[in-house]
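Sequential numbering from 1 along the given sequence is applied to the chain's residues.
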Amino acid sequence: MSFAGKIKEELLEQTGKAQHCQLAELAALFAFCGQIITEQNGIYYVKFATENLTVAKKCYILIKRVFHIVPDIDLCGQHSYGVYLWEEQAAEAFMKQVRVMDEALLVADCLIDRQCCKRAFLRGIFLAAGSITDPRSGYHLELVAGSLERATRMKEIMGIFGLQAKIVGRKKNCIVYLKEGASIVDFLNVIGAHVALMEFENVRILKEMRNSINRQVNCETANIKKTVSAASRQTADIQYIHDTIGIGNLSENLSQIAKLRLENPEVTLKELGEMLEPPIGKSGVNHRLRKLSEIANELRRQDGGKDD
């Protein structure tokens, strides 16, 4: 089962205790997979159509709890499910409660005036129109809104919880999405998917630790390469001085550091400084080695060579 599928399975069991929260979630489900069907004789009924069995089950549970009506559920095709309120009286009661007759954009404000109802509403939206990438592959959560007006409304509701969602157009649909791991964690917390949240966080922490270790190793490797490269240049300069004028013709300070570098080509500047009598700091060692490099380059110029 996909990560999104596991979240929806968890949300199937997550239903608000209060009827107003249940109604808010049901309104979200109706907004994305519900419709009022009117027959030729003028009789109408409510239908929820979805390709996700979990969503169909949630519609069934909420209708039963809110309206105390047992709806019909049917397999409409190989991968399509329908949940029905056939009786006109039940359909009318549903329409009034969900404010379908108000023709509100996405949802009537009175259905989500409480924070708990907003959470339930977002939970319903994710069930009906949401998807999420497995965190091991990347961080991406999206909600298929349809129109730009719906997407803007969804973004506003998410913003109440500090979720900085973005909107993008894809073919004829507008998508509301989150790409930051921390924002997705916050969204999962808002809709009550706490088990999935912990799994997501565990993966995120492991990935961040791995990335941190990789950065540290890369940094250390780069420093080692830099040190080895610098030591190689220093050794070549000192060897050139040795082969031309001789190290013994240098000042005592330069001669001392030159001999130590030739004998210890792999040690750091700090370690070289500690070997001197008296010991000197890293900057002092670096200053002397730069002086040796200048002398070697001057000797090369005199010999008609080129600077290294």
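Residues Ile257 and Lys291 fail the side-chain proximity criterion, which asks for heavy atoms closer than 4.5 Å. Residues Asn189 and Phe161 are not in side-chain contact: their nearest non-hydrogen atoms beyond the backbone lie 4.5 Å or more apart. Within the 4.5 Å cutoff, the side chain of Tyr60 has heavy atoms near those of the Val70 side chain. Annotation: side chain of Val55 is not in contact with side chain of Phe32 (no heavy-atom distance under 4.5 Å). Looking only at side-chain heavy atoms (C-beta outward), Leu289 and Leu292 come within less than 4.5 Å of each other. When side chains are defined from C-beta on, Leu75 counts as touching Tyr81, because their heavy atoms get closer than 4.5 Å. You'll find the side chain of Ile247 reaches within 4.5 Å of the side chain of Leu250, heavy atoms only. Using a 4.5 Å cut-off on side-chain heavy atoms (C-beta onward), Glu9 and Lys6 make no contact.
Scanning all heavy atoms of the two residues, the minimum distance from Met158 to Leu178 falls at CE-CD1, 3.9 Å. Nearest heavy-atom pair, Ala145 versus Met154, reported as atom, atom and distance to 0.1 Å: CB-SD, 3.6 Å. Looking at every heavy atom in both residues, Pro265 comes nearest to Thr235 through CB-OG1, 4.0 Å. In terms of heavy atoms, Ile295 sits closest to Leu254 at CD1-CD1, 3.8 Å. Summarising the geometry of Ala27 relative to Leu111, their closest heavy-atom pair is CB-CD1, 3.9 Å, with the distance given to 0.1 Å. Smallest separation of non-hydrogen atoms from Leu26 and Cys59: CD1-O, 4.3 Å.
Partners of Ser229 according to the side-chain hydrogen bond (donor to acceptor under 3.5 Å, both in side chains) rule, which considers only residues two or more places apart in sequence or in another chain, are Arg233. Residues forming a ring pair (Phe, Tyr, Trp, His ring centres under 6.0 Å) with Phe200 (at least two apart in sequence, or on another chain): Tyr139. Applying the side-chain contact (heavy atoms from CB on, under 4.5 Å) criterion to Asn249, with sequence neighbours excluded, gives Ile245. A search for side-chain hydrogen bond (donor to acceptor under 3.5 Å, both in side chains) contacts involving Glu271 returns Thr268, not counting sequence neighbours. Annotation: salt bridge (Lys or Arg N to Asp or Glu O under 4.0 Å) contacts of Glu156 (sequence neighbours excluded): Arg153. Residues meeting the side-chain hydrogen bond (donor to acceptor under 3.5 Å, both in side chains) test with Ser293, sequence neighbours left out: Asp237. Taking Glu208 as the reference, Arg204 meet the salt bridge (Lys or Arg N to Asp or Glu O under 4.0 Å) condition, with sequence neighbours excluded.
Cluster annotation: Ile191 is not connected to Val195 through the hydrophobic network of ILVMFWY side chains, with a link wherever side-chain heavy atoms come within less than 4.5 Å. Taking hydrophobic clusters as Ile, Leu, Val, Met, Phe, Trp and Tyr residues chained together by side-chain heavy-atom distances below 4.5 Å, Ile184 shares a cluster with Val190. In terms of hydrophobic clustering, with Ile, Leu, Val, Met, Phe, Trp and Tyr side chains grouped at heavy-atom distances under 4.5 Å, Ile69 and Tyr84 are assigned to different clusters. Cluster annotation: Val144 and Leu122 are assigned to distinct hydrophobic clusters (Ile/Leu/Val/Met/Phe/Trp/Tyr, side-chain heavy-atom contacts under 4.5 Å, transitive). Val203 and Val185 fall into different hydrophobic clusters, where Ile, Leu, Val, Met, Phe, Trp and Tyr side chains are chained together by heavy-atom contacts under 4.5 Å.
A distance of 7.0 Å separates CD1 of Ile160 from CD1 of Ile112, quoted to the nearest 0.5 Å. Taking CD of Gln35 as the start and CZ of Phe30 as the end, the distance is 8.0 Å to the nearest 0.5 Å. If you take CD1 on Ile7 and CG on Leu141, they are separated by 7.0 Å, rounding to the nearest 0.5 Å. Put simply, CD on Glu92 and NZ on Lys96 are 4.5 Å apart, with the number rounded to the nearest 0.5 Å. Here the CE-CG distance, from Met95 to Leu85, works out to 11.5 Å after rounding to the nearest 0.5 Å. Put simply, SG on Cys174 and CG on Leu148 are 4.5 Å apart, with the number rounded to the nearest 0.5 Å.
There is a side-chain donor-acceptor pair under 3.5 Å between Asn297 and Arg300.
Applying the side chain to side chain donor-acceptor pair (under 3.5 Å) test to pairs two or more places apart or on separate chains, those with a residue in residues 116-135 are Glu25-Arg123, Asp134-Arg136. Listed by first and then second residue, the side chain to side chain donor-acceptor pair (under 3.5 Å) pairs that reach into residues 65-74 are Asp72-Trp86, sequence neighbours excluded. Within the structure, salt bridge (Lys or Arg N to Asp or Glu O under 4.0 Å) contacts touching residues 161-178 (residues at least two apart or in different chains) are Glu142-Arg170.
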Let's go through Ile157 and Ile125 carefully: what are the C-alpha distance in whole Å and the side-chain angles of both, what is the deciding distance for side chain to side chain contact (heavy atoms under 4.5 Å, CB included) to 0.1 Å, and is it a yes or a no?
CA-CA 11 Å; Ile157 296 170; Ile125 290 177; 5.6 Å; no
Evaluation steps, side chain to side chain contact (heavy atoms under 4.5 Å, CB included), between Thr50 and Leu29:
CA-CA 10 Å; Thr50 176; Leu29 292 168; over 6 Å; no
Dump the intermediate steps for side chain to side chain contact (heavy atoms under 4.5 Å, CB included) on Val46 and Ile63, then the final yes or no.
CA-CA 11 Å; Val46 175; Ile63 290 171; 6.0 Å; no
Applying side chain to side chain contact (heavy atoms under 4.5 Å, CB included), run through Phe126 and Ile132 and close with a yes or a no.
CA-CA 9 Å; Phe126 182 81; Ile132 183 172; 4.2 Å; yes
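Ring geometry for Phe94 versus Phe48: interplanar angle over 60°, hence perpendicular rather than tilted (30 to 60°).
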Using residues 275-283 as the side-chain source, report each donor-acceptor pair under 3.5 Å to any protein atom, sequence neighbours left out, with the distance given to one decimal.
none

Could you pull out every donor-acceptor pair under 3.5 Å between side chains of residues 11-21 and any protein atom, sequence neighbours left out?
residue, atom, partner, partner atom, Å
Gln14, NE2, Gly192, O, 3.1
Gln19, NE2, Val66, O, 3.1

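For His194, the NE2 atom is densely surrounded, since the number of other residues' heavy atoms within 6.0 Å is greater than 12. Atom CD of Glu51 has 12 or fewer neighbouring heavy atoms from other residues, nucleotides or ligands inside a 6.0 Å radius.
Listed for the Lys8 side chain is a donor-acceptor partner under 3.5 Å among the backbone atoms of Gly130.
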